[in-house]
Visitor: 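Okay, here's the structure, questions in a sec.
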Amino acid sequence: MRWALVKVSLAVTAMVVIAFAVPLGLVIKEMARDRAFSDAERQAATIGPTLTITTDREELNRAVLSTEPGGRGRLAVHVPAAGTDGSVLEIGTRRATREDLETVGASGRASIADVPGGSVLLQPTALGSGGIAVVEVFVADDDVSHGVGTAWLVLAGVGIALIVGSVAVADRLGVRMVQPARSLAGAAQDLGEGRLGTRVPEEGPTELRSAAVAFNSMADQVVQLLANERELAADLSHRLRTPLTVLRLNAASLGESPAAEQTRAAVEQLEHEVDTIIRTAREQRPQTQGGQPGAGCDASEVIRERMGFWSALAEDEGRTVRLAGVDRTVRIPVARPELAAALDALLGNVFRHTPEGTAFAVDVHHSGDAVLVLVSDAGPGIPDPDSALARGASGRNGTRGGVGSTGLGLDIVRRVAESTGGDLRIGRSVLGGTEVRIWIGLDGGPAERARRGHRVGRRSGRRGPRGGRGRNAELRGAPGAGPDPRSRS
């Protein structure tokens, strides 16, 4: 395309230059000729007054030599002599033929005749005696073409400059059009080869910019779809751990028979395979939004439903369960499956990492611009909340509960909170163990989250729900937070 534009521009500009330069050059040549003969007529007219006064040779000779062409031998005067013999008095050098002179004298009209080395202007002039004299002015070829060559060179230079300029502009325009097209083609090839981070600069002509915007939007959609697919596989696999927890606990009560050992080994192997699926699905996944615009559910209803499931299991293990704050509707901008998965991850951690008989509680608090969900237990607590909150960090420190843990349970909870502009914190609960606090923003925007964090930071010393410390003090470095031999997924 680039060379095609250059060729088209070259052809069009060349035709335009030829169409204007050639006629203009001919006009300039004609103007130079007219100027030369106009000067010759003016020089011939200077002899006219002398001829009307006298025809004396000496006087006429002095008058001819006083003119510029006469001094150069280019002016002659032909005066018919008195009498009937047809003789002519000639002053100066004659170049025209006698036939030309006689024709001009007889017709009384000026004429131009070609002679060796140029042309002559034959100008008839009336004499005082009534006759017709002919003034001859020689115009050399150099005078006729004077300045024509220079003008033609200027025209040629201008034409070449126009052609070069048009080719340069066409080349730049071609680059401006071709480069975005090449970038778009290369990006499409890279995207097809699996490099999902490839994007196209939105530059160039309007049409190519629109194509780049559409390509980038398509690439974002592809990345989002693949990320959603991976998240779905990981989340579905993680949700399998809830019934696996039940199976493991039930298998623990089967005694020490070979069948019981086989059952426990099968459950352990199944847990390992599920964890492998989760890790594989989450590998190199891009950060995506956890919630979608318009998604929402009643947090109280979801919590009551999941607690109904876990309460039956808690009863089998002799755990005391307390549920508070779910007696009224609490709408949050989180999809029902996402909130259920987050609760199952936290409650599954309680059953997995605390001894049987350990009490736990779930509390819901509505503060107007956010909803706070507290999951607390009476277990030994978590020694390093920062490590537990780090994605994939749990299960790698050799702490209790680390075997078979993916470290993604809290990641699911974190994504649910952050998708609404909230966050996830871990601290010491009033029951003596761990307290996981999920702040779910009702506005869901980063600005609201920053505003809320600033406001909470100013009231960090205020007592929280259930007599707890303020939000900042209860989490990192909170007084009374002791060591914890546990690590949670």
Side-chain angles (χ1 to χ4, degrees), residues 1-48 63-77 92-97 100-101 104 109-125 134-180 203-206:
M1 181 184 293
R2 176 181 177 184
W3 293 114
L5 287 175
V6 170
K7 291 177 182 178
V8 169
S9 176
L10 177 62
V12 172
T13 308
M15 288 189 294
V16 171
V17 168
I18 292 173
F20 282 91
V22 171
L24 187 58
L26 296 177
V27 169
I28 290 174
K29 181 179 180 181
E30 189 64 27
M31 290 175 61
R33 178 182 175 84
D34 291 343
R35 182 181 65 251
F37 283 101
S38 295
D39 291 341
E41 289 178 358
R42 186 172 61 254
Q43 295 296 335
T46 60
I47 303 299
V64 168
L65 293 177
S66 65
T67 63
E68 188 271 335
R72 298 170 59 188
R74 294 186 175 186
L75 190 147
V77 178
T93 303
R94 178 177 62 83
R95 290 180 174 82
T97 63
D100 292 334
L101 293 173
V104 172
R109 291 180 297 181
S111 176
I112 296 175
D114 293 331
V115 297
S119 303
V120 290
L121 172 67
L122 302 177
Q123 180 69 40
T125 303
V134 178
V135 179
E136 175 187 339
V137 180
F138 174 71
V139 180
D141 290 335
D142 292 342
D143 295 336
V144 174
S145 62
H146 179 69
V148 175
T150 303
W152 282 6
L153 287 176
V154 172
L155 285 177
V158 171
I160 293 174
L162 287 175
I163 293 174
V164 172
S166 67
V167 169
V169 171
D171 181 69
R172 290 300 90 197
L173 289 176
V175 170
R176 187 168 178 264
M177 294 178 63
V178 171
Q179 190 61 41
E203 58 187 13
T206 303

Visitor: Show me the pairs that pass salt bridge (charged side-chain N to carboxylate O under 4.0 Å, His left out) and involve residues 14-37, at least two apart or across chains.
Guide: none
Visitor: Under 3.5 Å, side chain of S111 to main-chain N/O of V104, donor-acceptor pair present?
Guide: no
Visitor: So which atom in S66 and which in A63 form the shortest heavy-atom distance, rounded to 0.1 Å?
Guide: OG-O, 2.5 Å
Visitor: Check G159 against V17 and note the closest heavy-atom contact, atom names and distance.
Guide: CA-CG1, 3.6 Å
Visitor: If you define the side chain from C-beta out and look only at heavy atoms, does anything of T125 sit under 4.5 Å from I47?
Guide: no
Visitor: Compare every heavy atom of S166 with every heavy atom of I163, then report the nearest pair and how far apart it is.
Guide: O-OG, 2.8 Å
Visitor: Any idea which heavy atoms bring A76 and G92 closest together, and the distance?
Guide: CB-C, 4.0 Å
Visitor: Minimum heavy-atom separation for F37 to S119, with atom names?
Guide: CZ-CB, 3.7 Å
Visitor: Under a 4.5 Å cut-off applied to non-hydrogen side-chain atoms, are V144 and V139 in contact?
Guide: yes
Visitor: Can you list everything that forms a side-chain contact (heavy atoms from CB on, under 4.5 Å) with L24? Sequence neighbours excluded, please.
Guide: I28, L155
Visitor: Run the side chain to side chain contact (heavy atoms under 4.5 Å, CB included) check on L121 and Q43 step by step: do they pass?
Guide: CA-CA 10 Å; L121 172 67; Q43 295 296 335; over 6 Å; no
Visitor: What residue pairs, at least two apart or across chains, pass side chain to side chain donor-acceptor pair (under 3.5 Å) with a residue in residues 134-146?
Guide: R74-D143, H78-E136
Visitor: Determine, step by step, whether V137 and Q123 satisfy the side chain to side chain contact (heavy atoms under 4.5 Å, CB included) criterion, reporting the C-alpha distance in whole Å, the side-chain angles of both residues, the deciding distance to 0.1 Å, and the verdict.
Guide: CA-CA 8 Å; V137 180; Q123 180 69 40; over 6 Å; no
Visitor: Please name the pair of heavy atoms, one in A32 and one in V148, separated by the smallest distance, quoted to 0.1 Å.
Guide: CB-CG2, 3.5 Å
Visitor: Atom CG in L26, atom CE in M31: separation rounded to 0.5 Å?
Guide: 13.0 Å
Visitor: Out of curiosity, D100 CG to I112 CD1, how far, rounded to the nearest 0.5 Å?
Guide: 12.0 Å
